[in-house]
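Structure first, commentary second.
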Amino acid sequence: MSAVQSVSAEARDRAGKGAARATRRTGRVPAVIYGDKKEPTLISLDPKEIDRHIHKKGFFATLLDVEIAGKKHRVLPRDVQFDVVTDRTLHVDFQRVGKDTKIHVNVPVVLRNEAAAPGIKRGGVINLVRHEIEFLCSPDHIPQSVEVDLTGLDIGGSIHISAIKLPEGATPTIRERDFTLVTIGAPSGMKADAEAAPAAAAAAAPAAGAAAPAKGAAAAPAKGAAPAAAAAPKKK
C-alpha cells in the first residue's frame, strides 16, 4: 500500500484568475480538488509545505490527505504550474480518489546494484530507456517505484518489463509489447574501435590484392631497371 502524507489547506471562496492572483498576493498557493463525482473544492496552500512534497521524487504517484478545517480529503496530485521566470509554484491540481477509483499514475524507475553489473565495471554506459512507467491501479496499490536489478548485466545487455516483478494490484498501461527499461552500451573508445575495424579491413583488402602477383605471372621489372639480356644462340 502506498504511504499517505498529510498537507494542511485553507478553503477559498472565489474561482478565476483574479482570485488566484489575490491568493498569491497573500503569500499562499491557490489549488483545487476535483473528481469522485463531487463539486470542486477551492483551497490555498502554504508554499513551503507544498514545495517540500512537490520536489520529492514520485510526487505525482504520492497519495495525500489534504486537511481543510478538520476534514481530510484523500487526493492524488495531477498538475503543478510554475512561474517560468522564478520557478515559484503558481497552482496545484488534485484529484479526489475513493476506494473504488481506478487511476493512471506514472511511477519512477529506480536502478539497484549498479556495482554488480560487469558491463559498468568495464566502462559501459547505462541507458535508462524509461524513467517512469505508467500503471493503472487503485489508490491503495500505487507503487512508490519500480526497482530494476542490474546484477550480472554486461555491455550490450538489456532488461525488459517481463523481467521485473510488478507491484501487486498495478498493471502497466502498455501491454502489447515487452518494452525495454534499461541497457548498457559500449564506452566511446570501444565503439570507435569497433567502427574503425571494418573500415581498416576494407582499405587493406585492395592493397593486399595489388601486392600479390597473379599465379604463374612473372614479376614486373622495377621502374628504370635494365631489361634482361637475350639468351645467347646455341652453337651449331
Side-chain angles (χ1 to χ4, degrees), residues 1-110 128-146 166-167 169-175 179 181:
M1 179 176 176
S2 182
V4 182
Q5 302 181 35
S6 298
V7 175
S8 59
E10 296 177 2
R12 56 189 181 99
D13 55 2
R14 291 187 301 125
K17 293 183 178 180
R21 285 194 293 267
T23 299
R24 294 186 197 104
R25 283 196 293 270
T26 67
R28 295 183 65 83
V29 178
V32 62
I33 300 173
Y34 62 87
D36 200 27
K37 299 178 181 178
K38 298 177 182 178
E39 289 294 319
T41 301
L42 302 175
I43 60 174
S44 69
L45 306 163
D46 177 83
K48 292 183 179 178
E49 183 181 11
I50 191 60
D51 282 350
R52 282 197 297 269
H53 293 283
I54 289 174
H55 295 297
K56 289 180 182 178
K57 190 172 185 178
F59 172 66
F60 288 103
T62 302
L63 282 177
L64 298 172
D65 277 341
V66 178
E67 186 172 348
I68 311 168
K71 184 179 179 180
K72 292 184 178 181
H73 299 253
R74 181 66 54 85
V75 302
L76 189 69
R78 281 310 194 190
D79 187 47
V80 180
Q81 297 174 25
F82 297 98
D83 187 289
V84 295
V85 177
T86 65
D87 206 31
R88 171 189 173 193
T89 303
L90 296 180
H91 194 279
V92 186
D93 289 1
F94 298 105
Q95 180 185 354
R96 187 184 288 110
V97 295
K99 62 179 181 178
D100 298 323
T101 305
K102 289 289 185 180
I103 51 180
H104 290 260
V105 291
N106 291 317
V107 179
V109 175
V110 177
L128 186 56
V129 180
R130 289 186 177 271
H131 293 265
E132 294 181 328
I133 300 174
E134 185 181 53
F135 286 95
L136 178 64
C137 58
S138 67
D140 290 338
H141 290 90
I142 299 175
Q144 292 300 294
S145 63
V146 174
L166 297 178
T171 304
T173 56
I174 300 177
R175 302 183 187 181
F179 55 89
L181 299 180

Side chains of Ile142 and Leu76: does their closest heavy-atom pair fall under 4.5 Å?
-> yes
Run the side chain to side chain contact (heavy atoms under 4.5 Å, CB included) check on Thr62 and His53 step by step: do they pass?
-> CA-CA 9 Å; Thr62 302; His53 293 283; 5.7 Å; no
Closest non-hydrogen atom pair between Pro139 and Gly98, with its separation | CG-O, 3.4 Å
Decide side chain to side chain contact (heavy atoms under 4.5 Å, CB included) for Val80 and His91; before the verdict, give the C-alpha distance in whole Å, the side-chain angles of both, and the deciding distance to 0.1 Å.
-> CA-CA 6 Å; Val80 180; His91 194 279; over 6 Å; no
Compute whether any side-chain donor of one residue and acceptor of the other, for Thr89 and Asp51, lie under 3.5 angstrom apart.
-> yes
Heavy-atom side-chain proximity of Phe179 to Val129 below 4.5 angstrom = no
Reported NZ-to-OG distance for the pair Lys57 and Ser145, which is rounded to 0.5 angstrom = 8.0 Å
From Thr171 OG1 over to His141 NE2, what is the distance, rounded to the nearest 0.5 angstrom?
-> 11.0 Å
Separation between NZ of Lys102 and OG of Ser138, rounded to the nearest 0.5 Å | 5.0 Å
What's the shortest heavy-atom distance between Ile68 and Ile33, and which atoms?
-> CD1-CD1, 4.2 Å
Carefully, step by step, assess Val109 and His131 under the rule side chain to side chain contact (heavy atoms under 4.5 Å, CB included).
-> CA-CA 5 Å; Val109 175; His131 293 265; 5.9 Å; no
Would you give me the side-chain donor-acceptor pairs under 3.5 Å for residues 14-24, sequence neighbours excluded?
residue	atom	partner	partner atom	Å
Thr23	OG1	Ala19	O	3.0
Arg24	NE	Leu90	O	3.0
Arg24	NH2	Leu90	O	3.2

Quick one: are Ile174 and Glu134 in side-chain contact, heavy atoms under 4.5 Å?
-> no
Taking every non-hydrogen atom, the tightest pair across Phe135 and Pro143 | CD1-CG, 4.3 Å
With side chains defined as the heavy atoms from C-beta onward, is the minimum distance between Lys72 and Asp65 less than 4.5 Å?
-> yes
Tell me, do Glu132 and Val107 make a side-chain contact under 4.5 Å, heavy atoms counted?
-> no
All pairs passing side-chain hydrogen bond (donor to acceptor under 3.5 Å, both in side chains) where residues 27-48 contributes a residue, at least two apart | Arg28-Ser44, Thr41-Arg96
Within-4.5 Å side-chain heavy-atom neighbours: Asp93 and Pro77 | no
Check whether the side chains of Ser8 and Glu67 place a donor and an acceptor atom closer than 3.5 Å, and report yes or no.
-> no
Can you list the steps and then say if Val92 with Asp79 is a side chain to side chain contact (heavy atoms under 4.5 Å, CB included)?
-> CA-CA 6 Å; Val92 186; Asp79 187 47; over 6 Å; no
Between Lys56 and Arg52, which heavy-atom pair has the shortest distance, and what is it?
-> CG-O, 3.2 Å
Is it true that a side-chain atom of Arg12 and a backbone atom of Ala31 form a donor plus acceptor pair closer than 3.5 Å?
-> yes
Min side-chain heavy-atom separation Phe60-Ile54 under 4.5 Å = no
Non-hydrogen side-chain atoms of Ile43 and Val32 separated by less than 4.5 Å | no
